[in-house]
Amino acid sequence: MIYTVGEMAQKLGVPASTLRYYDKEGLLPFVESASGGIRMFRKTDFEWLQVIRCGLF
């Protein structure tokens, strides 16, 4: 299943701006982009984002 930035942010319990910040800082090189730069998150990305989130807070 593919998730948008907003959907993934909701699953993580963070604002979408947090995921955009992670991306800007280069923490999400594993997340694929659709045409136009739209991020496409997968279930495995959710697991990694939880690890990143725990490591940063």
Side-chain angles (χ1 to χ4, degrees):
M1 182 167 188
I2 304 291
Y3 300 96
T4 65
V5 170
E7 291 168 335
M8 185 58 73
Q10 186 175 23
K11 285 178 67 76
L12 288 166
V14 299
S17 60
T18 298
L19 296 183
R20 291 186 187 98
Y21 173 77
Y22 291 171
D23 186 35
K24 180 182 168 192
E25 293 300 313
L27 298 174
L28 305 178
F30 51 85
V31 177
E32 297 178 38
S33 293
S35 60
I38 298 171
R39 291 301 200 180
M40 302 181 312
F41 293 89
R42 300 182 185 280
K43 183 178 178 172
T44 54
D45 298 331
F46 175 74
E47 294 163 1
W48 276 109
L49 284 164
Q50 286 181 309
V51 170
I52 291 170
R53 188 169 160 242
C54 289
L56 293 175
F57 295 103

### Message
Using the rule that Ile, Leu, Val, Met, Phe, Trp and Tyr join whenever any side-chain heavy atoms are under 4.5 Å apart, tell me whether Leu19 and Tyr21 fall into a single cluster.
### Response
yes
### Query
Does one hydrophobic cluster hold both Phe46 and Val31, with members joined at side-chain heavy-atom distances below 4.5 Å?
yes
### Task
Any chance you could measure Leu28, atom CG, to Met8, atom CE, to the nearest 0.5 Å?
10.0 Å
### Task
Any salt bridge (charged side-chain N to carboxylate O under 4.0 Å, His left out) involving residues 38-51? Give me the pairs, sequence neighbours left out, ordered by first then second residue.
Asp23-Arg39, Glu32-Arg42
### Message
With a 4.5 Å cut-off on side-chain heavy-atom distances among I, L, V, M, F, W and Y, is there a chain of contacts connecting Met40 to Tyr3?
### Response
no
#### Entry: Beyond-backbone contact of Leu49 with Leu27, side-chain heavy atoms, under 4.5 angstrom
no
### Message
Within this structure, what is the CG-OH distance for the pair Leu12 and Tyr22, rounded to the nearest 0.5 Å?
### Response
8.0 Å
### Summary
Looking only at heavy atoms, the pair that brings Gly26 and Pro29 closest together is O-CD, 3.4 Å
### Message
If you count every heavy atom of other residues, nucleotides or ligands that lies below 6.0 Å from Glu7 atom CD, does the total exceed 12?
### Response
yes
